[in-house]
Visitor: 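To start, I am sharing the structure in question, which I have written as structure tokens.
Note that this is a predicted model, so its numbers are computed, not measured. We name chains A, B, ... by the order of the sequence lines, and we start the count at 1 in each one. Values below: all heavy atoms of this structure, side chains included; hydrogens, waters and symmetry mates excluded.
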Amino acid sequence: MKKQAISFEITHICKQSGARTGILHTPHGDVLTPMFMPVGTAASVKFISPEELYEMNAGIILANTYHCMLRPGEDIIEQAGGLHKFMNYNNPILTDSGGFQVFSLADSRKITEEGVHFKSHLDGSALFISPEKSIEIQNKLGADIIMAFDECPPYPVSREYMEKSVARTLRWAQRCKDAHQKEGQQALFGIVQGGEFKDIRRFSAQELVKMDFEGYAIGGTSVGESKETLYRMIDYSMIDLPKDKVKYLMGVGSSDALLEGILKGVDMFDCVLPTRIARHGTLMTSQGRVNIKRAEYADDFTALDPECDCYCCKNYTKAYLRHLYRSNEGLGTRLLSIHNLRFLIKLMEDARAAINEDRFLDFKEEFFKKHNLNSKDSRGF
RNA sequence: GGGAGGGUAGCGAAGUGGCUAAACGCGGCAGACUGUAAAUCUGUUCCCUUAGGGUUCGGCAGUUCGAAUCUGCCUCCUCCCA
């Protein structure tokens, strides 16, 4: 029997929708699925302390290999005793491999069969990440779940490019598996790619399944495609993935896409959207998106979201939040980030309850109806 | 009392005869953001409903085909000397 770092237990399948709830057992405790994972790229969920993350019922959070390698460096984090101790976060952590930076830092990198040459966005120095290097770093960072080093291809891209990219990412996936030194302590996930091409997505998934990963991610999403395309990408990716394994849709964080993803069988999501837009003054609320900067809130002394139970909504008014934002007071950034994160975490809690009560389809339809959404909205909410 | 320098859109500040309704910054108004190079970026910001038109650069009167830019007077502000 192979050593497993995590185990996934499906607890209920919704009779109405087929969506599922589960428990993911990790070295740092159990988390319930489906779940939303806050992103803490540089070993920090921007502006948010671990205590605040616990209070909002966050489970797994992310950190990023590329950014942690640059600062403070993986050796420092290893010396600290790993990410959990370094960050003082005791719930599970997942590290992304640096594959997304192949996409987001496309102007300053070169892909070769061996790996990816980056030009540091900090000082221009030459960096190199191979599948082996990414896994070595992630082994040192010590997260509960680590990701295979992949190419997150841009969108759209030619079929020819995608075929080559996916073939290389599959070779890299095997190399990641071979390089992994901490099986039994860290679960390694494979990442399905293939863009909008059904056969390539299926091929990618089938080949990854042969390699037998502890979990599977759907990647190459949230790179500029429409919601409709995103949903097709999920469908294509899911066809060949084993039902009993945990599935992770990467980079998706608008609430409509979360609910669609759950309906399609996704268990884990992550996204910078809630924290980023919070920093920019936009909030996800039960009343839809709210831009706290707007003049109309200057003397609005009601809560940001009357249906929200977060620290921000329980204690502060829109007028005060607007004042904090406009005055560039850090407290505003923190309160708004807390709210948006809690909004998505709560949405997942509600979704789990609906699944467990066999009414997830109703739940999703009510949510879409309430916010005037449909499955083709490109912007969504 | 003598001398010097100034008054430009909400604020600060360029511009010193036509390419100027007037750079730029701030402030204001609105928008975007999806495995984080993002406390960032974009649009807009004299008036009129667009094309376009109408009024502007302390005030008034001039010079000129044409003035925020030149001249005279008035007015206000700052600094230096008494």
Side-chain angles (χ1 to χ4, degrees), chain A residues 36-48 60-68 70-71 94-109 118-124 127 134 143 145-153 155 189 191-193 217-227 229-230 233 248-258 260-261 266 268-284 289 291-298 322 324-337 340 344 377-381:
Chain A
F36 177 79
M37 306 182 285
V39 180
T41 305
S44 160
V45 178
K46 295 188 189 301
F47 292 90
I48 308 300
I60 302 179
I61 63 171
L62 264 69
N64 180 275
T65 299
Y66 172 89
H67 290 279
C68 288
L70 278 176
R71 275 191 310 211
L94 180 154
T95 47
D96 187 27
S97 61
F100 185 70
Q101 279 61 45
V102 180
F103 165 77
S104 64
L105 302 177
D107 293 339
S108 51
R109 56 84 175 136
F118 289 95
K119 194 176 154 190
S120 164
H121 72 280
L122 294 176
D123 62 7
L127 306 166
S134 175
I145 297 170
I146 66 178
M147 302 302 297
F149 185 63
D150 63 336
E151 180 198 354
C152 177
Y155 175 87
F189 282 22
I191 305 175
V192 178
Q193 292 289 355
I218 298 167
T221 48
S222 289
V223 288
E225 77 282 6
S226 67
K227 282 276 162 65
T229 304
L230 165 65
M233 289 172 164
Y248 162 28
L249 178 58
M250 307 185 80
V252 169
S254 62
S255 26
D256 53 339
L258 257 44
E260 288 283 358
V266 175
M268 306 161 63
F269 304 85
D270 83 285
C271 195
V272 306
L273 191 67
T275 42
R276 180 180 291 166
I277 69 177
R279 262 178 278 131
H280 300 163
T282 303
L283 294 314
M284 302 167 167
R289 267 156 89 128
N291 188 336
I292 202 66
K293 292 179 278 192
R294 293 177 64 97
E296 63 181 290
Y297 301 125
R322 176 174 189 268
L324 291 176
Y325 184 88
R326 285 154 46 92
S327 306
N328 200 25
E329 287 290 337
L331 178 60
T333 305
R334 291 186 42 226
L335 293 173
L336 297 176
S337 296
N340 269 357
L344 290 185
D377 277 323
S378 55
R379 181 162 175 272
F381 161 57

Visitor: Using atom P of each nucleotide, how far apart are B/G1 and B/A13 to the nearest Å?
Guide: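 It comes out at 29 Å once rounded to the nearest Å.
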Visitor: Tell me every residue that passes side-chain contact (heavy atoms from CB on, under 4.5 Å) with A/His67, counting only those two or more places apart in sequence or in another chain.
Guide: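 A/His67 satisfies side-chain contact (heavy atoms from CB on, under 4.5 Å) with A/Thr41, A/Asn64, A/Gln101, A/His121 only.
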Visitor: What residues, two or more places apart in sequence or in another chain, satisfy ring-ring contact (aromatic ring centres under 6.0 Å, His included) together with A/Phe118?
Guide: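 Once residues adjacent in sequence are excluded, the partners of A/Phe118 under the ring-ring contact (aromatic ring centres under 6.0 Å, His included) criterion are A/Tyr66.
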Visitor: Output one line per pair: protein atom, nucleotide atom from nucleotides 28-32 of chain B, and distance, for all N/O pairs under 3.5 Å.
Guide:
residue : atom : partner  : partner atom : Å
B/G28   : OP1  : A/Arg326 : NH1          : 3.3
B/G28   : OP1  : A/Arg326 : NH2          : 3.3
B/C29   : OP1  : A/Arg322 : NH2          : 2.9
B/C29   : OP2  : A/Arg326 : NH1          : 2.9
B/A30   : OP2  : A/Ala295 : N            : 3.1
B/A30   : O3'  : A/Arg294 : NH1          : 3.2
B/G31   : OP1  : A/Arg294 : NH1          : 2.7
B/G31   : OP2  : A/Asn291 : ND2          : 3.3
B/G31   : OP2  : A/Arg294 : NH1          : 3.4
B/G31   : O6   : A/Lys293 : NZ           : 3.3
B/A32   : OP1  : A/Arg379 : NE           : 2.9
B/A32   : OP1  : A/Arg379 : NH2          : 2.6

Visitor: Tell me, please, which residues at least two apart from A/Arg294 pass side-chain contact (heavy atoms from CB on, under 4.5 Å).
Guide: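 A/Arg294 satisfies side-chain contact (heavy atoms from CB on, under 4.5 Å) with A/Asn291, A/Glu296, A/Tyr297 only.
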Visitor: For a quick check of understanding: with a heavy-atom distance under 4.0 Å over all strands, which category does A/Phe103 fall into, base, sugar-phosphate or nothing?
Guide: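 Nothing: the residue A/Phe103, judged by heavy atoms under 4.0 Å, touches no strand.
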Visitor: Looking only at side-chain atoms of A/Gln101, point me to the closest of B/U34, B/C33, B/U36.
Guide: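 Taking heavy atoms from C-beta onward, the closest nucleotide is B/U36.
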Visitor: Which residues satisfy the side-chain contact (heavy atoms from CB on, under 4.5 Å) test with A/Asp123, sequence neighbours excluded?
Guide: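 side-chain contact (heavy atoms from CB on, under 4.5 Å) check on A/Asp123 returns A/Ser120, A/Ser125.
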Visitor: Which nucleotide, in any strand shown, forms a Watson-Crick or G-U wobble pair with B/U16, with both distances under 3.5 Å?
Guide: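 B/U16 is paired with nothing.
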Visitor: Within this structure, what is the CG-to-P distance between A/Leu70 and B/A37, rounded to whole angstrom?
Guide: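 Nearest whole value for this atom pair: 11 Å.
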Visitor: Within the structure shown, what part of the strands sits under 4.0 Å from A/Gly220 by heavy-atom distance: base, sugar-phosphate, or nothing?
Guide: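 If one applies the 4.0 Å heavy-atom cut-off, A/Gly220 turns out to touch a base.
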Visitor: Would you tabulate the nitrogen or oxygen pairs shorter than 3.5 Å linking the protein to nucleotides 10-12 of chain B?
Guide:
none

Visitor: Are OP1 or OP2 of B/U34 and a side-chain N or O of A/Arg276 less than 4.0 angstrom apart?
Guide: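 So the side-chain polar atoms of A/Arg276 do come within 4.0 Å of the phosphate oxygens OP1 or OP2 of B/U34, strictly under.
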Visitor: Not counting sequence neighbours, which residues clear salt bridge (Lys or Arg N to Asp or Glu O under 4.0 Å) with A/Arg109? List them please.
Guide: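 Here no residue qualifies.
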Visitor: Test of understanding: with side-chain contact (heavy atoms from CB on, under 4.5 Å), list the residues that count as partners of A/Phe100, not counting sequence neighbours.
Guide: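 If we apply the side-chain contact (heavy atoms from CB on, under 4.5 Å) test to A/Phe100, skipping adjacent residues, the hits are A/Asp96, A/Phe103, A/Ser104, A/Cys152.
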Visitor: If the condition is side-chain hydrogen bond (donor to acceptor under 3.5 Å, both in side chains), which residues does A/Ser134 pass it with, not counting sequence neighbours?
Guide: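 Expected list: A/Gln138.
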